[in-house]
**Q** 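Let me begin by handing over the structure; questions about it come next.
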2 protein chains.
Amino acid sequence: MQATFPAEPQMSATAEEEAYRHVQRALRFGRYKPGDRLIPEEIAAEIGMSRMPVREAFRRLASDGLVVLRPNRGCVVAGLTVDELYEIFEIRSVLEGLAVRLAMPRIDEEEFEELDRLLERMERAGQSGSSDWVVRHQEFHGRICALSRRPKLIHQISALHAVIEPYMRIWFDDCDKPHSAREEHAAVIAALRSGDELQAEKVMQDHILSTAPILAEFVSPSR
Amino acid sequence: MQATFPAEPQMSATAEEEAYRHVQRALRFGRYKPGDRLIPEEIAAEIGMSRMPVREAFRRLASDGLVVLRPNRGCVVAGLTVDELYEIFEIRSVLEGLAVRLAMPRIDEEEFEELDRLLERMERAGQSGSSDWVVRHQEFHGRICALSRRPKLIHQISALHAVIEPYMRIWFDDCDKPHSAREEHAAVIAALRSGDELQAEKVMQDHILSTAPILAEFVSPSR
DNA sequence: TTGATGATACGTGGATACAAAAATACTTTA
DNA sequence: TAAAGTATTTTTGTATCCACGTATCATCAA
């Protein structure tokens, strides 16, 4: 329903939808910096529509936490404080932990091979320095979430990914190594293979929480 | 930021905000039934404004999952399937579980007394058959969540409460007894007093999951 | 009677226009 | 020169307007 997790087909039907996707995409790719003002008229001109659908899109983006809307003061790109970033990772940890737990019974051998493939692709993207490591990484997490077969859960997790994506990109661009990502994700797969749902849930939680402090380096220090 | 959890002060600044609160309130109190169409013009007339702010409010309400917006087909009150209801309770269980875990270190004796008071109030409302048992119940959960001091977490949980509130009201109206609610909530307090964070988290999770099947009786059978 | 077909009315999405508020630049004065 | 107040320009918030899509209902054929 929203927030391109691994990928999203579906042609935009309404102008509002188009504006929503357009701005969301721009935000996720870091085209605007936190604090930047988004001027409805400019964006409307970019996509060739009037301000109205753009304004409506802003409401949804604000609900997603991607922008902040203040009365009579317009729309500014949301920035995260360190606290907020940690909070998002705490929430992600329990949500994706739940997803893993629910996904486990659904994973057969074929699916394990797919996960291995995704891990491999992520690794290759990481080594080649290509910044679609971020995309691959989300693809991996997204695949597991999808297996939980819980639309609302998937939706919420994907919204959180959208919020942190810009920081993931900065992180990746800054230090070329995707750190110990390979082992961590391999551990998730291993835990899934073990068949112990609670154990797998915990491994995913730990994995997510472990990356929070790393990303925290990249949020603007004070505000 | 949204979704009246225990209560919400703050006068509405913009017309959109007013429309949002107005419709949300109506939905939570069950004034409209699932499947009902919400016609912007009518609602606009009710509050004395034009359709535009109402339409914008619809976008947010759709993000909250309270209504469904389909292109060229307007705004319809969202209804829950049994699956969706269970899913919401699964999500609530991990989210409120997290909230309990994070809240625990913040609770002092004074706070425990407050929780006891809230439990007592909920009980009284339940016995008097007053339907603000639902409000008291949310107040209780909301208090614990608030203690976690995590704004986004609180926001998400409160949004989920808003979605299920109509069903809680139907449940309460239908069978006058608030079932074993008292014991369940007392157990949460007891677990909090024990000081074992993981135990308290689990008690809250179990409490929430246990009410799902009861409420499931009240969602429209098929669709 | 039932199912297809077309006309009509209603509602939605989007654009434009206008008023109010905020931000900015400018002038005046101490 | 700096500060304060004023005027101008932007930009936001809301209302009105128009074109198109959808649903409803009546008509007609099977």
Side-chain angles (χ1 to χ4, degrees), chain A residues 1-2 10-27 31-79 223, chain B residues 1-2 10-27 31-79 223:
Chain A
M1 188 169 284
Q2 174 239 29
Q10 188 178 168
M11 218 15 208
S12 61
T14 72
E16 187 273 346
E17 184 70 18
E18 193 182 340
Y20 177 76
R21 290 182 194 281
H22 177 92
V23 177
Q24 191 197 50
R25 197 179 149 83
L27 290 170
R31 188 178 133 196
Y32 304 109
K33 299 273 161 272
D36 283 1
R37 284 182 62 182
L38 295 183
I39 293 150
E41 211 147 20
E42 289 179 9
I43 292 163
E46 272 178 36
I47 348 183
M49 66 180 66
S50 87
R51 289 163 33 203
M52 205 56 61
V54 177
R55 279 182 48 116
E56 291 180 20
F58 283 173
R59 299 284 178 197
R60 275 209 283 166
L61 292 164
S63 257
D64 297 342
L66 292 173
V67 302
V68 176
L69 241 39
R70 294 216 318 263
N72 289 321
R73 202 158 299 191
C75 180
V76 299
V77 178
R223 188 197 154 58
Chain B
M1 188 173 283
Q2 175 237 28
Q10 188 178 166
M11 220 12 210
S12 61
T14 71
E16 186 273 345
E17 184 72 17
E18 195 183 339
Y20 177 77
R21 290 180 194 279
H22 178 90
V23 178
Q24 192 197 49
R25 196 179 150 83
L27 290 170
R31 189 179 132 195
Y32 303 109
K33 299 273 162 271
D36 284 0
R37 281 184 65 181
L38 296 183
I39 292 149
E41 205 146 20
E42 289 178 10
I43 293 163
E46 272 178 36
I47 349 183
M49 65 179 66
S50 88
R51 288 165 33 199
M52 205 56 63
V54 177
R55 281 185 43 175
E56 292 180 19
F58 282 173
R59 299 283 177 197
R60 273 208 284 166
L61 292 164
S63 257
D64 297 343
L66 292 173
V67 301
V68 175
L69 242 38
R70 291 208 329 252
N72 290 321
R73 205 161 299 190
C75 181
V76 178
V77 177
R223 182 185 164 63

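For clarity, every value in this text was computed on a predicted model and none was experimentally measured. Reckoned from all heavy atoms, side chains included, excluding hydrogens, waters and symmetry mates. Sequence lines set the chain letters: A, B, ... in the order given, protein chains first and strands last, and positions in each chain run from 1.
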**Q** In Å, rounded to the nearest 0.5 Å, how long is the span from CG of A/Leu66 to OH of A/Tyr32?
**A** 13.0 Å

**Q** Find the distance A/Glu17:CD to C/dG13:C1' and express it as a whole number of Å.
**A** 14 Å

**Q** Please enumerate all residues that pass side chain to side chain donor-acceptor pair (under 3.5 Å) together with B/Arg55, with sequence neighbours excluded.
**A** A/Glu56

**Q** In whole Å, I'd like the distance from the CE atom of A/Met52 to the P atom of D/dA15.
**A** 11 Å

**Q** Quick one: what's the B/S/- string for nucleotides 7-12 of chain D, heavy-atom cutoff under 4.0 Å, read 5' to 3'?
**A** ----SB

**Q** Are A/Arg60 and A/Gln24 side-chain neighbours, meaning at least one heavy-atom pair lies under 4.5 Å?
**A** no

**Q** For B/Glu18 and D/dG13, what is the distance between atoms CD and P respectively, to the nearest whole Å?
**A** 15 Å

**Q** Heavy atoms, side chains only, cut-off 4.5 Å: are A/Val77 and A/Lys33 in contact?
**A** no

**Q** Which residues pass the side chain to side chain donor-acceptor pair (under 3.5 Å) test with B/Glu46, sequence neighbours left out?
**A** B/His22, B/Arg31

